[in-house]
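Letters go in sequence order (proteins before strands), and every chain restarts at 1. What you see is a predicted model, and the numbers here were worked out from it, not measured in a lab.
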Number of protein chains: 2
Amino acid sequence: MENRKQAILRAVVQEFTTSAVPVGSQALQTRYFVNLSSATIRSELADLADLGYLTQPHTSAGRVPTDSGYRYFVDFLMDLEPIPDRVKAYIQDEVRTAPADVEGMVERVAMTLAEVTRNASVASAPQGALARIKHVDLVSLEPKEVLLILLLEGNLLRQQVVNTTQPATQAQLTRLAARLNASIAGRASDEARRHYESAPLGLEKELLGRVIAVLDVYEKGSENLVVHDGVRNLLRQPEFAESSRVHQVLEVLEETRYLTVLLRQLIGDSDLQIVIGSENTSSRLQGCAVVLTSYGPSERLKGVLGVVGPTRMAYSQTVARLQAVARSASDRMAELGV
Amino acid sequence: MENRKQAILRAVVQEFTTSAVPVGSQALQTRYFVNLSSATIRSELADLADLGYLTQPHTSAGRVPTDSGYRYFVDFLMDLEPIPDRVKAYIQDEVRTAPADVEGMVERVAMTLAEVTRNASVASAPQGALARIKHVDLVSLEPKEVLLILLLEGNLLRQQVVNTTQPATQAQLTRLAARLNASIAGRASDEARRHYESAPLGLEKELLGRVIAVLDVYEKGSENLVVHDGVRNLLRQPEFAESSRVHQVLEVLEETRYLTVLLRQLIGDSDLQIVIGSENTSSRLQGCAVVLTSYGPSERLKGVLGVVGPTRMAYSQTVARLQAVARSASDRMAELGV
DNA sequence: TTTCAGCACTCTCGGCCGGAGAGTGCTAAC
DNA sequence: GTTAGCACTCTCCGGCCGAGAGTGCTGAAA
């Protein structure tokens, strides 16, 4: 596409992003192209509309980017917006003061992301195929009731009440926990499975069985931690003035399964993914764009971070800030040995 | 007030609750009072309006209950609606299958409450003045970095990364944990404080200090767990058609401090509290009603459960279901020895 | 060939009007 | 105390109109 067409498309996207009002040839002329006449701009706009990048709400309204228009913009025209120091500092600060466990971290990251992008955010916890067990602990609740505490990588605590077939005192449990730690702590989950296979019948095997059950749930991702935040930011946008639109988006966000699917799509894909309007698999995200990236403390452990907003979002700002948050969170997680 | 006036007020509230449309004398006559003429009903309606219980959006519209009207209704006219078996079973089921720790429990309870009342819900974790420590565990992360794991009443796990002044091996930490458990596990938090005072300088005192810090945060309630759910239910109501109304409510719900205040108000008060429209301290809850009750495993440990919806809510149903959820949750928590 | 001034045209938006409909309050009779 | 009847008020909705914004087209200038 000729340079001038590109420039005009870029200008339309930028203008519409901030004003939320269809942009006309006159506005473009006075604000972006003073040495062009509005008539010339009009003919370029008509061309861009023919190419499918722009559309008009009605015959005599200004132009609005189509989904393809946004697509062209993010693919070819967008340059990352520098992040103000204030915002950088804010991100650093929020991430550094986050709790040291994955759950707290993910929640904080989602909150921060929503705050700095002024949109809704989603975040899934970094997760790998084989979980590592850092520590096991057993607490006696009743003679035949044991609380199993499992510390996984990411300082992720998991607990489960286990009703055992035989009674055990706390002292016995403490000894047993020590034995379990010696054999499986610091190892990947398959170690626990191996020990389970070879263990003789008894309390130890019983508890190992439950350890494996917890690991299974965790590794299968059926309990994959996915949080979202910042829906309030969407309410400010004119696109979401009637709350039925919000309702649809909220449904998607609360439907954890859908988000998990988004996650799986991304893993293995390029590291930044932008899904615009009708490109979304869910029709409830019509008019919405989703910007996704992966993050995590290592290559093995990856989660997804995403921003959800109207297609009329400030893509260059969103992408820059999303990546900044992802970088901060990844660094911090690596630092914590998560 | 005469019986007939009461009956008419009740009918107006009931009718408006379901239809969301101002109710006129004719509708009342055909649906509730076939042997009265609409003229008679009109004069009663006029009286009720004079008394401040009803109002009209405009001269020739039907009547709508005022906040005082709702107040009179819930104070004198409401009788609890029986809960269908299906709903009862649902509540039981959700609560029974909830995680065995307080956090998971509270989240599940909020979800269930939102679901069965078709409104937004809030829940705070049961909390008492003196926390009990069930178990302490120490995990070595780095030579001079320890993960302190604290199991409090309610199977509430708290963790904190502690940077110690002196290095310690996992074996040393395990021994130390055993000693700490012997001295403070199963006791109230003041025991930990006493031990801290009398402990000689060293790793043990250092870690006890952190234990106390964690307890402090917990007991001060500055980290009091408050969750909310079901905002999507509000979006269905005509009162929240323009999303700016939702925005205000969301602000309140996300403002944990405000909810904590609500909680404190309720503690020591009667066991059911209904706050209607302008009775709310926050003007952002104009047009909203909040129904609150306390719950918890014991007299000492109490949290708050609440429903937030438009003032035009089905109070009798809401109250009945709220109490049912509170009862189920309390029972389950007591059963788990939370 | 590109640019541009001029102009007719189209469409929305806001205000205004008027009729239909809903619901009221009042009055006079039972 | 109750009720039929009636005038009155107000909203809602559709149609109408003028202002304004913005377009597409055309013919001339560069």
> State whether B:Glu242 and B:Arg245 are salt-bridged, where the test is any N-O pair (Lys NZ or Arg NE/NH1/NH2 against Asp/Glu carboxylate O) under 4.0 Å.
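Looking at B:Arg245 together with B:Glu242, the answer is no, because their closest N to O distance does not fall below 4.0 Å.
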> Is it the case that over 12 heavy atoms from other parts of the model lie below 6.0 angstrom from the CD atom of B:Gln286?
yes
> Rounded to the nearest Å, what distance is computed from the CG atom of residue A:Asp47 to the C1' atom of nucleotide D:dC25?
14 Å
> With respect to B:Val122, which candidate in B:Asp229, B:Val227, B:Leu253 satisfies the side chain to side chain contact (heavy atoms under 4.5 Å, CB included) definition?
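Option passing the side chain to side chain contact (heavy atoms under 4.5 Å, CB included) with B:Val122: B:Leu253.
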> Examine distances only and state if a side-chain atom of B:Asn119 and a backbone atom of B:Met313 form a donor-acceptor pair shorter than 3.5 Å.
no
> Apply the test salt bridge (charged side-chain N to carboxylate O under 4.0 Å, His left out) to residues A:Arg232 and A:Glu115: give CA-CA distance (whole Å), side-chain angles for both, the deciding distance (0.1 Å), then the verdict.
CA-CA 10 Å; A:Arg232 63 186 174 285; A:Glu115 199 57 36; 3.7 Å; yes
> Reading DNA chain D from 5' onward, which residue's closest nucleotide shows up sooner: B:Thr59 or B:Arg4?
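Its nearest nucleotide lies further toward 5', so the answer is B:Arg4.
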> Please enumerate all residues that pass ring pair (Phe, Tyr, Trp, His ring centres under 6.0 Å) together with B:Phe76, with sequence neighbours excluded.
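Ring pair (Phe, Tyr, Trp, His ring centres under 6.0 Å) list for B:Phe76, sorted by chain: B:Tyr72.
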> So does A:Glu81 get a backbone contact from the side chain of A:Ser316, meaning a donor-acceptor N/O pair under 3.5 Å?
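No; judged by distance alone, with no hydrogens or angles, the pair does not exist.
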> Got a minute to check which stems DNA chain D is part of, using Watson-Crick or G-U wobble pairs under 3.5 Å, three or more consecutive?
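Stems found: C:1-30 with D:1-30.
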> Any donor-acceptor pair under 3.5 Å linking the side chain of A:Thr293 with the backbone of A:Asp271?
yes
> Not counting sequence neighbours, which residues clear ring pair (Phe, Tyr, Trp, His ring centres under 6.0 Å) with B:Phe16? List them please.
none
> Side-chain N or O of B:Thr40 less than 4.0 angstrom from OP1 or OP2 on D:dT2?
no
> Below 4.0 Å from chain A heavy atoms, what is the first contacting nucleotide of DNA chain C and what is the last?
C:dT3 to C:dT12
> Measure from NE2 on B:His58 to C1' on D:dC12 and round the result to the nearest Å.
9 Å
> Where the side chain of B:Ser121 meets the backbone of B:Ala110, is there a donor-acceptor pair that is under 3.5 Å apart?
yes
> For A:Ala241, which residues count as a side chain to side chain contact (heavy atoms under 4.5 Å, CB included) partner, sequence neighbours excluded?
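Listed in chain order: nothing, the list is empty.
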> Heavy atoms only, 4.0 Å cut-off, all strands: where does A:Ala39 land among base, sugar-phosphate and nothing?
base
> How long is the line joining CG of B:Asn35 and C1' of D:dG1, in whole Å?
15 Å
> Heavy atom of residues 15-33 of chain B under 4.0 Å from DNA chain C: which residues?
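The stretch gives B:Gly24, B:Ser25 as the residues lying under 4.0 Å from the strand, ordered by number.
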